[in-house]
Amino acid sequence: MNDNSVITIERHIIDQERQHPEATGAFSRILYDIALAAKIIAREVKMAGLIDILGGTDRTNVHGEQVKKLDVWAHEVIFKALDHGGNLCCMASEEAEEIMPIPDQFESGNYVLLYDPLDGSSNIDANVSIGTIFSLHRKITKGPRGTIEDCLQKGRNQVAAGYVVYGSSTMLVYTTGAGVHGFTLDPGIGEFLLSHPHIRIPDPPQAIYSINEGNYNRWSAGQQRLIDHMKDIDGSNGKAFSSRYIGSLVADFHRNLLYGGIFMYPADSKSPNGKLRLLYEAAPLALICKEAGGRASDGMRDILDIEPEQLHQRTPLFIGSPGYVAMAESFIAEPEPAIRTG
Ligand code: FDP
């Protein structure tokens with residue numbers, strides 16, 4: 001590739017499709033529609049401080065209309081950008097309790113889209129980076145329309161995954177299993193341009209850990225020892241890691257993908273299954289991470305191997321540079337210290 005080429009995301013999607021002569025184009029159209037939804041959301045996020053859209057769903061705006069929270073609004077934008085293309089058989093969103101069928105008046109297709117429309121939304125009011133995460137599977141059931149079974153597939157079956165980070169610039173990063181590619185939105189022309197082809201997590205990575213350390217007292221002894229080790233409190237690491245925690249998963253993951261490091265949201269006594277959602281957050285980021293040379297684990301198993309049982313299932317998450325994820329697993333596997341009795 002010529003280093004000076006300007007490659008839009010549409011061009012990139014078409015080029016990728018050409019490598020699969022059997023492709024029907026449905027897959028490309030879905031990615032294209034996701035990019036369109038991302039642009040609409042990016043425009044609104046940029047205006048978030050200016051328009052009266054923040055706050056509870058029961059507020060009204062200056063026109064006396066009911067105002068939606070930005071995450072609920074983003075959920076609908078994505079649904080409406082993708083419901084009528086004839087490419088999807090159903091969708092599921094972090095913002096919806098049940099699976100979302102394709103409306104009867106539209107054709108049903110061969111793919112399933114799962115998404116978290118606006119992740120890290122507790123950060124919106126403070127102008128901190130937030131993101132959208134998406135995951136695409138093939139339909140596996142025989143009937144004409146999608147079912148919950150089509151949604152409950154393990155991460156390894158994903159045919160594509162990606163995220164959009166709404167930060168100092170808007171970036172869309174995706175994989176279809178042929179590397180991880182990042183596009184930066186040029187707001188002047190309204191196009192995502194290829195800015196980060198073939199992203200690989202750096203090796204050696206920067207020594208960065210990202211975790212909400214306020215939960216320390218609720219962690220298992222192994223998790224506490226892991227962080228003590230990373231801070232070199234136990235004196236066995238030689239050098240302390242740096243701590244970086246935005247508290248917005250997409251933004252924390254994106255930084256670690258570019259610099260190296262590990263993001264952790266472990267189980268704790270308040271959230272025994274962790275906080276993050278397997279289908280909307282952990283699995284798509286795990287596929288991206290794997291494609292970039294990293295790994296994701298729940299502390300024992302590869303995230304991509306977990307068979308989901310419920311749409312909104314939670315999982316502990318350790319994701320990033322493979323050596324750090326292995327380090328986390330080894331600390332978590334250590335037996336808990338015996339409870340002293342006297
Ligand atoms: P948020 O609650 O702001 O939506 O999954 C949600 C998420 O953010 C992640 O983006 C973020 O990494 C995590 O929760 C932050 O949780 P804590 O506030 O418990 O650290």
Side-chain angles (χ1 to χ4, degrees), residues 38 41 45 48 53-57 68-75 78 92-97 114-135 155 161-167 170-171 173 208-220 223-224 226-227 243-259 261-286 288-289 294 296-299 303 306 308 310-320 325 328:
I41 297 170
V45 167
I53 200 165
L54 303 178
T57 41
K68 293 193 171 91
K69 271 170 75 179
L70 206 47
D71 44 7
V72 176
W73 176 86
H75 155 84
I78 296 176
S93 158
E94 217 238 22
E95 289 293 331
E97 207 56 49
L114 300 110
Y115 62 95
D116 183 352
L118 222 44
D119 184 72
S121 50
S122 63
N123 290 304
I124 298 171
D125 289 344
N127 214 348
V128 172
S129 297
I130 47 180
T132 296
I133 309 174
F134 62 91
S135 160
Y163 62 84
V164 186
V165 57
Y166 310 99
T170 300
M171 263 194 85
V173 176
I208 295 175
Y209 72 85
S210 318
I211 193 165
N212 184 343
E213 223 167 323
N215 294 331
Y216 188 93
N217 275 340
R218 298 199 203 114
W219 294 337
S220 68
Q223 180 65 43
Q224 290 178 336
L226 169 65
I227 296 302
S243 165
R244 296 280 183 276
Y245 190 68
I246 299 167
S248 191
L249 174 61
V250 174
D252 278 310
F253 174 77
H254 184 65
R255 183 203 50 244
N256 290 358
L257 188 69
L258 297 183
Y259 299 169
I262 181 169
F263 173 93
M264 297 171 262
Y265 211 112
D268 61 41
S269 56
K270 191 173 142 211
S271 315
N273 298 316
K275 178 183 181 190
L276 303 176
R277 313 284 178 161
L278 175 62
L279 290 175
Y280 312 109
E281 296 173 312
L285 296 186
I288 295 164
C289 197
S297 165
D298 71 350
I303 290 286
I306 302 176
Q310 291 167 14
L311 269 186
H312 295 278
Q313 182 169 333
R314 295 176 195 269
T315 178
L317 178 64
F318 301 84
I319 188 166
V325 174

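Whatever order the structure lists ligands and atoms in, that order sets their numbers, starting from 1. Being a predicted model, the structure only gives us computed values, none of them experimental. Here, residue 1 is the first one in the sequence, and each next residue gets the next number.
- Taking atom 19 (O) of ligand 1 as the reference point, the nearest protein heavy-atom neighbour is Y265 OH, 2.5 Å.
- Taking the side chain as every heavy atom from C-beta outward, F318 and P266 approach each other to under 4.5 Å.
- Every atom of ligand 1 with a heavy atom of L249 under 4.0 Å away is listed here by number and element: 9 (C), 10 (O), 11 (C), 12 (O).
- Which parts of ligand 1 touch G247 is read off a 4.0 Å heavy-atom cut-off, strictly below it: atoms 8 (O), 11 (C), 12 (O), 15 (C).
- The D119 neighbourhood of ligand 1 comprises atoms 5 (O), 6 (C), 9 (C), 10 (O), with distances under 4.0 Å to a heavy atom of that residue.
- Among all protein heavy atoms, the one lying closest to atom 8 (O) of ligand 1 is G120 CA, 3.5 Å.
- Distance alone, capped at 3.5 Å, is enough to place a donor-acceptor pair between the D252 side chain and the G247 backbone.
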Check the pair L276, L249 against side-chain contact (heavy atoms from CB on, under 4.5 Å), reporting the backbone distance first and the verdict last. CA-CA 9 Å; L276 303 176; L249 174 61; 4.1 Å; yes
Before giving the answer on side-chain contact (heavy atoms from CB on, under 4.5 Å), spell out for Y216 and Q223 the whole-Å C-alpha distance, their side-chain angles and the decisive distance to 0.1 Å. CA-CA 8 Å; Y216 188 93; Q223 180 65 43; over 6 Å; no
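- With ligand atoms numbered from 1 in the order given, ligand 1 contributes 1 (P), 3 (O) to contacts under 4.0 Å with heavy atoms of S122.
- Ranking protein heavy atoms by distance to atom 2 (O) of ligand 1, first place goes to K275 NZ, 2.9 Å.
- At a 4.0 Å heavy-atom cut-off, ligand 1 touches L276 through the side chain alone.
- A distance of 7.5 Å separates NE2 of H312 from CD of E94, quoted to the nearest 0.5 Å.
- At least one donor-acceptor pair under 3.5 Å links the side chain of S210 to the backbone N or O of R244.
- When only interatomic distances are considered, the shortest N/O to N/O separation between F263 and ligand 1 does not fall below 3.5 Å.
- Nearest heavy-atom pair, L311 versus L279, reported as atom, atom and distance to 0.1 Å: O-CD1, 3.5 Å.
- The protein non-hydrogen atom at the shortest distance from atom 20 (O) of ligand 1 is Y245 OH, 2.5 Å.
- Near N212, meaning under 4.0 Å from any of its heavy atoms, are these atoms of ligand 1: 17 (P), 19 (O), 20 (O).
- Ligand-side atoms of ligand 1 in range of E281: 5 (O), 6 (C), range being under 4.0 angstrom from any heavy atom.
- Side-chain contact between Y245 and Y209 is absent, with no heavy atoms from C-beta onward closer than 4.5 Å.
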